**Q** 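Questions regarding the structure given below will be posed in turn.
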Amino acid sequence: MQHEHAYDHAAIESRWQARWADADVYRMPDNATDPAYVLSMFPYPSGDLHMGHVRNYTITDAYARYQRMCGEQVLHPMGWDSFGLPAENAAIERETHPREWTLDCIDTMRDQMQRMGFGIDWEREITTCEPEYYRWNQWLFKRFHEAGLAERKGGEVNWCRSCETVLADEQVEGEAGETPEESHGDGGAAGVCWRCGTPVETRTLDQWFLRITEYADELLDAIDDLEGWPENVKGMQRNWIGRQKGATVEFDTAYGPVEVFTTRLDTLYGATFFALAPNHGVTREIVADDPDLAAAVDDLDSAADGEGKRGVFTGEHAINPATGEKIPIYVAEFVLADVGTGALMGVPGHDERDHEFAVEHDIEIRQVVAPAEAVAGDGADANGDETGGVEGDGEADDTGGADGGRVDVREAAYTADGVLVNSGEYDGLSSAAARDRLVENLDSAAHEVQYRLRDWLISRQRYWGTPIPVVHCPDCGPVLVPDEELPVELPEFVPTPTGNPLEEVESFVHTECPDCGAPAHRETDTMDTFVDSSWYFLRFVSPHSEDAPFDTERATDWLPVDRYVGGVEHAVMHLLYARFFMRVLDDLGLLGVEEPFERLTNHGMVLLDDAKMSKSKGNVVSPEEILEQYGADTARLFMMGVAGPETEFNWTERGVRSSHAFLERLLETARGSASEATEARGTDEASEESTTGETNGTGEVGERPIDEYVARETDAAVAAATADYEAFRFDDALREARSLVSLLGRYRDRGPTDHDVFERGLRTAIELLAPVVPHVAEECWDVLGGDGLVAAADWPTPTGDAAYEAERRLVENTREDVRHILDVAGIDDPETIEVVVAPDWKHRALELASEGDGDAVGAVMADPELRERGEAAAEFAKSLDASYLSGEHLSPDREFEALSRAAWLVREEFDTDVRVERAADADEELAGRARPDRPAIEIYEA
RNA sequence: GAGGGAGUAGCCAAGCGGCCAACGGCGCGGGUCUUAAGAACCCGUCCCGUAGGGGUUCCGGGGUUCGAAUCCCCGCUCCCUCACCA
């Protein structure tokens, strides 16, 4: 059941959206100097905004608005990551063109964003599927190519036998139970074709790659300096790059030397078998004239994971380069072609996986490394050679099967470093030293660094992407299209039952070689869409530039993006590719910045009933509905108030309603204040009634403690909320703003208010709320007769330099103490509550003690005046512990003022008389009980 | 298995060396307002206590420190990423 809206959000929102547009508030001039660059990851235009988008953009919008109010020039742009497979699918399904479908979706989503009130500079909108944008993908591709960073080479890709086409990884559907998560890059996925269900094979085809591996070290090492990035993202990137330092070494075989990579060269003497990947070159040679063996190898499943260590003995042997021993060569399932060299030395004594294989195939297990303490215990010559060496060598610890310094490698592999045994001349060396020594001594051995990161395969055999600007000439080979001929535009879309539609467009394919003019055919592959998103944040700097992808000078000034907000799912791909692009562009002299994103925030998910919202599960709350029912501000306020940006939270109807109710109240309060101001002007009738009990203060409206209290709280709220906005703690900032509104409500309800105090409070609250609920804030601002737009107003600054925190704490603690006393003492009907601030000398003593070096009593008693206090001073000094000393303290005057201002709260709560006094004006005994931060309290019963 | 993160009162969730018995929200209890309900607002919500006190807490166990939810070590549990990675 819906109750009627006390405010017409639809009218208010569209009114202010129009006003913002008219006033061009979000326009970012090109001549700005180092503006605040606040960015949300741009969306794929799927057709509808979902809650995740709304949360994402609300976060950046609120921060951008806050920054703008702080006087910053703010770049908060939006664009569309609009190439990609779904559009192609949708076009086929709906018998339309991917471009039309995409542009329709963009229109819908732009409209939704505008209705959400996101303050975006639409003049800078970019759409990656437009030639104006993707021509620069092509241009950049050429620059990469010139720098030797784009190359064509054989790559493993997914191939569907039935469709006779290459499939992008996304076009490979996972088998039972597996989610077809995105995994770009190399092929090898085990799955089925998305169109026909045929199991996907792997083929090696010539494809275009960007050589990101050239930047592996740089990208990895620079992660340490990304201080504004979350640890998990940094960890994922490190992991993904996967640098591993070790060594290569060759084993001789009847088919020539075969290289292996190992991180544990020190275990070389323990190598008792040799293993090849099923599709290793040497495997093919061995198998070539042995059909039985070939069949056995064929039977191995290279995609098998986990259980069992299947393998086939080839009958061949390899020569251990260190010992000259002959060891059996196996073809093993667990050896992967694309890891290391596709071949490995098996050391069952010191590698768990090898151990398992050896046990299954009855291979000798030999110990060649012992825990350091075991060797020392034997009195063996441990040699003490700790020259250190290769990165990543760990201290010998007792992991991996060591037990009391003794290990039995027949039981389990001992995988830790230690001291060499059974290793001839290397016995007694530490693992690390042995690794270095072996590399020195063996001709075929060399230090080697390996990466998990592979070059980035950007070729995609589909229509809806950036055409790779290459022409294949029978004579000249692949030739790049000259810059003047860019962009290579996509031809009309012709749906084809299978394969890449581009191949079917003769007018596109048939062309001339730019070099020799001979008939040639155009490359029909398009680029991975991650190319588009690897530099889009640069395009926003000069979105209409026609002679460069972006203005170098301006980009160098504006970048990096100050705050980048998006989902964790882009932790590796997008964010790594973008970092790669930036570094290349920097090296090419097109940019003077190396890292794209200064501070990165991964927003949490929006849940419904503890589950991720998803269309397939049907548990989706559509922004469209919320927009209609409650309005944009309600949705924004709820999302921002319920949790910090990184925390996931549950969408609840209740929460939404309470946010909506708050906005209604706020609006009523503003309207009430405005009408009161007009009516009651001059009507200063004394309603002294409610002020008669005031002990401190004159009772004149505007000069009463309560007026001062409200004024002070207004400043305190500003101070706190500002710190919260700075720290991206929007939930806390909103709490401050909301509690200020609530205080103002009480202030108004309890009697005559000072109009200036009240209105300043209200205006301030509106300003604090404006970044999150911009429409209602504008409406209130307008009602109150504010100057211009709040969106363009100055962020409030607290007047004075008050210790707001300390004051609030003092007041709160004192109030709690009063309640506590009343409760514990069982006083039901207090008549007077007397609050006495500690005497000056105690404050002075505290000050001296905190300045002194530990000896509080000494420091205090050294002061002649305090010494005169005798016993009392000594006692007090003794009671000062370190935590008390380290705290922030108010002066006696400040304490007195803060408590006086807040006295009305106590008075109201307990319906009693309250007296706040200075020590000098109070009973001596009572004053004696007071300490700084802790006034004495005496309660008199009726 | 490797790397990252986390375990805080009924629940969610801050805090990350002293101001912490520990913010805030939900739930629950009391109160104000109201014809009533709801909303809103105020108070309470580990135990004991007739004056602001005391006791026992922040996964478990050790340690560092005058002082630890906060730092270090060990263990347990959970989440995420990568993974038969040589």
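Below, chain A is the first sequence line, B the second, and so on; all start at residue 1. What you see is a predicted model, and the numbers here were worked out from it, not measured in a lab.
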**Q** Would you kindly give the CE-to-C1' distance between Met605(A) and rC12(B), to the nearest whole Å?
**A** 15 Å
**Q** Can you check the Leu336(A) CG to rC85(B) P distance for me, whole Å?
**A** 7 Å
**Q** What contact category does Gly826(A) fall into here, base, sugar-phosphate, or nothing, at under 4.0 angstrom with non-hydrogen atoms?
**A** nothing
**Q** Between Glu231(A) and Ala247(A), which residue's closest nucleotide on RNA chain B lies nearer the 5′ terminus?
**A** Glu231(A)
**Q** Run the side-chain hydrogen bond (donor to acceptor under 3.5 Å, both in side chains) check on Glu834(A) and Tyr940(A) step by step: do they pass?
**A** CA-CA 8 Å; Glu834(A) 198 177 350; Tyr940(A) 306 94; 2.6 Å; yes
**Q** Distance check: side-chain N/O of Arg934(A) vs OP1/OP2 of rG53(B), anything under 4.0 Å?
**A** yes
**Q** Quantified in whole Å, what is the C1' atom distance between nucleotide rC59(B) and nucleotide rU70(B)?
**A** 15 Å
**Q** Let me see the working for Val258(A) and Met345(A) under side chain to side chain contact (heavy atoms under 4.5 Å, CB included), right down to the final yes or no.
**A** CA-CA 10 Å; Val258(A) 180; Met345(A) 62 179 206; over 6 Å; no
**Q** Between the base of rC43(B) and the side chain of Arg819(A), is there a donor-acceptor distance below 3.5 Å?
**A** no
**Q** Look at the side chain of Asn239(A) against the base of rG3(B) and say whether a donor-acceptor pair falls under 3.5 Å; ignore hydrogens and angles.
**A** no
**Q** If I pick the C1' atom on rC78(B) and the same atom on rU45(B), what distance separates them, to the nearest angstrom?
**A** 29 Å
**Q** Tell me what Pro935(A) touches on the nucleic acid: a base, only sugar-phosphate, or nothing, going by heavy atoms under 4.0 Å.
**A** base
**Q** Taking only the side-chain heavy atoms of Glu909(A) (C-beta and beyond), determine which of rC26(B), rC43(B), rA51(B) contains the nearest atom.
**A** rC43(B)
**Q** For the side chain of Arg452(A), starting at C-beta, report the closest nucleotide among rG49(B), rC42(B), rC85(B).
**A** rC85(B)
**Q** Under 4.0 Å, counting only non-hydrogen atoms across every strand here, what does Thr814(A) touch: a base, just sugar-phosphate, or nothing?
**A** nothing
**Q** Considering only the C1' atoms, how many Å lie between rU56(B) and rA6(B), rounded to the nearest integer?
**A** 26 Å
**Q** Could you please name the option among rG52(B), rA86(B), rC19(B) that lies closest to any side-chain atom of Asp817(A)?
**A** rG52(B)
**Q** What is the distance from CG of Leu734(A) to P of rG24(B), rounded to the nearest Å?
**A** 16 Å
**Q** Would you say Arg264(A)'s side chain and Thr415(A)'s backbone share a donor-acceptor pair under 3.5 angstrom?
**A** yes
**Q** Distance-only, no hydrogens or angles: does the Gln237(A) side chain make a donor-acceptor pair with backbone N or O of Ala571(A) under 3.5 Å?
**A** yes
**Q** Between Asp455(A) and Ile212(A), is there a donor-acceptor pair closer than 3.5 Å when you use the side chain of the first and the backbone of the second?
**A** yes
**Q** Ala806(A) near the nucleic acid: base, sugar-phosphate alone, or nothing, with a heavy-atom cut-off under 4.0 Å?
**A** nothing
**Q** Under a 3.5 Å cut-off for both distances, is rC26(B) Watson-Crick or wobble paired, and to whom?
**A** rG10(B)
**Q** In whole Å, I'd like the distance from the CG atom of Asn232(A) to the P atom of rA2(B).
**A** 20 Å
**Q** Any sub-3.5 Å donor-acceptor pair from His603(A)'s side-chain atoms to Gly644(A)'s backbone N or O?
**A** no
**Q** Indicate whether OP1 or OP2 belonging to rC41(B) is found under 4.0 Å from a side-chain N or O atom of Ser739(A).
**A** no
**Q** Kindly point out which of rA86(B), rC85(B), rU50(B) is positioned nearest to the side chain of Thr262(A)?
**A** rA86(B)
**Q** Tell which nucleotide pairs with rA40(B), taking only Watson-Crick or G-U wobble pairs whose two distances are both under 3.5 angstrom.
**A** rU32(B)
**Q** Examine Tyr7(A) together with His660(A) and report whether their ring centres are nearer than 6.0 Å.
**A** yes
**Q** Would you tell me if any nitrogen or oxygen in the side chain of Arg353(A) comes within less than 4.0 Å of OP1 or OP2 on rA86(B)?
**A** no
**Q** For nucleotides rG15(B) and rG24(B), find the distance between their P atoms and express it as a whole number of Å.
**A** 14 Å
**Q** Round to the nearest Å and state the distance from Arg310(A) atom CZ to rC84(B) atom P.
**A** 17 Å
**Q** What do you reckon, are the aromatic ring centroids of Phe274(A) and Tyr330(A) less than 6.0 Å apart?
**A** no
**Q** If we take the P atom in both rG27(B) and rG38(B), what is their distance in whole Å?
**A** 12 Å
**Q** For rG55(B) versus rG1(B), give the span between their P atoms, rounded off to a whole number of Å.
**A** 44 Å
**Q** Sort out the partner of rC78(B) for me: Watson-Crick or G-U wobble, both distances under 3.5 Å, none otherwise.
**A** rG5(B)
**Q** Could you check how far CG of Leu926(A) sits from P of rA51(B), rounded to whole Å?
**A** 16 Å
**Q** Would you indicate what Arg815(A) reaches in the nucleic acid, counting non-hydrogen atoms under 4.0 angstrom: base, sugar-phosphate, or nothing?
**A** sugar-phosphate
**Q** Of the nucleotides rC26(B), rA51(B), rC84(B), which one has an atom closest to the side chain of Lys309(A)?
**A** rC84(B)
**Q** Looking at His820(A) and rG44(B), is any side-chain donor or acceptor paired with a base atom of the opposite kind under 3.5 Å?
**A** no
**Q** Any strand counts, and the cut-off is 3.5 Å on both contacts for Watson-Crick or G-U wobble. Which nucleotide pairs with rG67(B)?
**A** none
**Q** Using a heavy-atom cut-off of under 4.0 Å over every strand shown, decide if Arg264(A) touches base, sugar-phosphate, or nothing.
**A** nothing
**Q** Would you mind telling me which of rA39(B), rA86(B), rC80(B) lies closest to the side-chain atoms of Met236(A)?
**A** rC80(B)
**Q** Using a 4.0 Å heavy-atom cut-off, does Arg665(A) contact any base of the nucleic acid, only the sugar-phosphate backbone, or nothing at all?
**A** sugar-phosphate
**Q** Expressed in angstrom and rounded to an integer, what is the separation of Asp749(A) atom CG from rA39(B) atom P?
**A** 18 Å
**Q** Please work out if Ile939(A) contacts a base, only the sugar-phosphate, or nothing of the nucleic acid, heavy-atom cut-off 4.0 Å.
**A** base
**Q** In whole angstrom, give me the gap between the P atoms of rU57(B) and rA22(B).
**A** 16 Å
**Q** Return the nearest nucleotide to the side chain of Val339(A); candidates are rG52(B), rA39(B), rC85(B).
**A** rC85(B)
**Q** Just by distance, do the side chain of Lys842(A) and the backbone of Phe876(A) share a donor-acceptor pair under 3.5 Å?
**A** no
**Q** Between Arg746(A) and rA40(B), is there a contact of a side-chain N or O with OP1 or OP2 at under 4.0 Å?
**A** no
**Q** Take atom P in rC42(B) and the same atom in rG49(B), then report the distance between them in whole Å.
**A** 30 Å
**Q** In this structure, how many angstroms lie between the P atom of rG1(B) and the CD atom of Gln244(A), rounded?
**A** 17 Å
**Q** Of the listed nucleotides (rA86(B), rC41(B), rG52(B)), which one gets closest to any side-chain atom of Ile821(A)?
**A** rG52(B)
